[in-house]
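In this text the structure is predicted, and so the values were computed from the model without any measurement.
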Amino acid sequence: MTRLITIACGCLCASLLVAGVATASNQTSSSHASNLAAKQCTAMQKADRAAFRATYGDHAMRNCIHGTTNEVSTELKNASKECKAARAADPEGFRQTYGSNHNGQNALGKCVSSKVKHQG
């Protein structure tokens, strides 16, 4: 009986782990968007604390981040599409332009982050 319970728990844990890994990829992009939104909101708050509070009301930082996350997420998706199109047009030139490691395999991430930084 103990062996049966142990096997059942093991199967349950394995299925939860697989489900967690499958959703982690979706949460990663929203996590990046939330981080970027938080940075933008912090910069706005530092620039003019009174105006920030007047704009976003009580719980201003939370309201700002929740309102900005969708915009940032869209910005990331657009930058990613632009970079993927540039990579498809000239893969070697793209790696040389944006890649910073020994084989240029980090070029897509560097391209997206550079476009988001310039827009933000």
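- H59 pairs by the side-chain contact (heavy atoms from CB on, under 4.5 Å) definition with R62, N63, not counting sequence neighbours.
- Under the 4.5 Å side-chain criterion, counting only non-hydrogen atoms from C-beta, M61 is in contact with T42.
- Looking at residues two or more places apart in sequence or on another chain, you find a side-chain contact (heavy atoms from CB on, under 4.5 Å) between N103 and N101, Q105.
- Note that CE of M44 is 4.0 Å distant from OH of Y56, once rounded to the nearest 0.5 Å.
- Scanning both residues, K110 and Y98, for their nearest heavy atoms gives CB-O, 3.4 Å.
- Nearest approach of F52 to A60, heavy atoms of both residues: CE2-CB, 3.6 Å.
- Taking R95 as the reference, E92 meet the side chain to side chain donor-acceptor pair (under 3.5 Å) condition, with sequence neighbours excluded.
- With sequence neighbours excluded, the residues that form a side chain to side chain donor-acceptor pair (under 3.5 Å) with N106 are S100.
- Partners of R49 under the side chain to side chain donor-acceptor pair (under 3.5 Å) rule, at least two apart in sequence or in another chain, do not exist in this structure.
- Remark: K39 pairs with no residue by the side-chain contact (heavy atoms from CB on, under 4.5 Å) rule, at least two apart or across chains.
- Minimum heavy-atom separation, G99 to A107: N-CB, 3.6 Å.
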Exercise for review: Would you sort out whether D58 and R53 count as a side-chain contact (heavy atoms from CB on, under 4.5 Å), showing the intermediate values?
Suggested key: CA-CA 7 Å; D58 290 338; R53 177 74 183 229; 3.0 Å; yes
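- Here the closest heavy-atom approach between residue S80 and residue V112 is recorded as CA-CG2, 3.7 Å.
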Exercise for review: Please assess C83 against R87 for the test side-chain contact (heavy atoms from CB on, under 4.5 Å), listing each intermediate value before the final yes or no.
Suggested key: CA-CA 6 Å; C83 290; R87 182 180 63 181; over 6 Å; no
